Amino acid sequence: MQDTKAGTPRLAAAEIGNDVGLLLAKLHAAGSALNNRVLGDFGLRERSFSVLTLACSGLEPTQRELAIFLGLDPSQVVSLVDDLERRGLVERATGKQDRRAKIIVSTAEGRRIHAKARALLEACEQEQLTALSDAEAGQLRMLLRKALWGGA
């Protein structure tokens, strides 16, 4: 049952309605559903898109760095990179800093797909945050980054 006036669920009045973990989880679940629907048109899901995004970043991440940053088991990252590599979207290359490490870099096709998908995901994010002003959405990003990494 929804409070039709504000669109707020009735149960949000309970103490748990202010729980940061619940609020973040619900926001993430709703965003994931939107994102995965759009990414499906490209044969991607949020996790594979995250790997592709980092491969397109120019930061030349290693698989270990990807696993740590994305909070995934290294075997999950290997599987995601394998799939993206089979599709010709990323490549494993020799690291410039450590020749033993393999870095993940995007291909031209990977950058093309990424740019198209990124544009659609930005629209999804705007849809999800439609109740926030641009300034509020920016503040939300800043606060989340600060909570995660201690800086803006």
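Basis for what follows: all heavy atoms, side chains included, without hydrogens, waters or symmetry-related copies. Everything quoted here is computed from the prediction, not taken from an experiment.
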- [ ] Specify the closest pair of heavy atoms between Q76 and R47, including all atoms of both residues, with the distance to one decimal.
- [x] NE2-NH1, 2.9 Å
- [ ] Would you name the heavy atoms of G88 and E109 that are closest together and state the gap between them?
- [x] O-CB, 3.9 Å
TODO: Answer whether the closest heavy-atom distance between the side chains of Q126 and E122 falls below 4.5 Å.
DONE: no
Open item on the list: I'd like to know if the side chain of S57 reaches the main chain of L54, judged simply by a donor and an acceptor atom lying under 3.5 Å from each other, with no hydrogens or angles considered.
Closed with: yes
- [ ] Mind checking the CG-CG spacing from N35 to L121? Nearest 0.5 Å is all I need.
- [x] 5.0 Å
Task: D134, CG atom: more than 12 neighbouring heavy atoms under 6.0 Å - done: no
Open item on the list: Could you check whether any side-chain N or O of Q128 sits under 3.5 Å from a backbone N or O of L27, counting only pairs where one atom can act as donor and the other as acceptor?
Closed with: yes
Task: Interatomic spacing from CZ in R118 to CZ in F42 - rounded to 0.5 Å - done: 11.5 Å
Open item on the list: Are L80 and L72 packed together at the side-chain level, in the sense that at least one heavy-atom pair is separated by less than 4.5 angstrom?
Closed with: yes
Task: Expected output: side-chain T62 to main-chain I103 donor-acceptor under 3.5 Å - done: no
Open item on the list: I need the I113 CD1 to F49 CZ distance, nearest 0.5 Å.
Closed with: 10.5 Å
Open item on the list: Is any side-chain heavy atom of L120 closer than 4.5 Å to one of D41?
Closed with: no
Open item on the list: Side-chain heavy atoms nearer than 4.5 Å, only ILVMFWY residues, links allowed to pass through others: does that put W149 and M142 together?
Closed with: no
Open item on the list: Count I, L, V, M, F, W, Y as connected when their side-chain heavy atoms are under 4.5 Å apart, and connections chain through other members. Are L39 and L34 then in the same cluster?
Closed with: no
- [ ] Give, for atom CG of L59 and atom CG of L66, the distance between the pair rounded to the nearest 0.5 Å.
- [x] 10.5 Å
Open item on the list: Between R92 and Q63, is there a side-chain heavy-atom distance shorter than 4.5 Å?
Closed with: yes
Task: Value rounded to 0.5 Å, distance of SG in C124 from CG in L129 - done: 11.0 Å
Task: OG1-NE2 distance between T107 and H114, expressed to the nearest 0.5 angstrom - done: 12.0 Å
Task: Least distance between heavy atoms, C56 atom then G110 atom - done: SG-O, 4.1 Å
Task: Side chains of I104 and V77 in contact at under 4.5 Å (non-hydrogen atoms) - done: no
Open item on the list: For R45, I'd like to know if atom CZ has over 12 heavy atoms of other residues, nucleotides or ligands within 6.0 Å.
Closed with: no
Task: Stepwise side chain to side chain contact (heavy atoms under 4.5 Å, CB included) test for L24 and L144 - done: CA-CA 10 Å; L24 288 172; L144 290 171; 3.7 Å; yes
TODO: Using a 4.5 Å cut-off on heavy atoms from C-beta on, say whether the side chain of V90 contacts that of L52.
DONE: yes
Open item on the list: Check whether R87 reaches the backbone of D83 with its side chain - one donor and one acceptor, N or O, closer than 3.5 Å.
Closed with: no
TODO: List the atom of S48, the atom of L84, and the distance in Å for their closest heavy-atom pair.
DONE: O-CD1, 3.6 Å
- [ ] Give the cluster check for L23 versus L140: same hydrophobic cluster or not, with ILVMFWY residues linked at side-chain heavy-atom distances below 4.5 Å.
- [x] no
Task: R64 atom CZ: more than 12 heavy-atom contacts under 6.0 Å - done: no
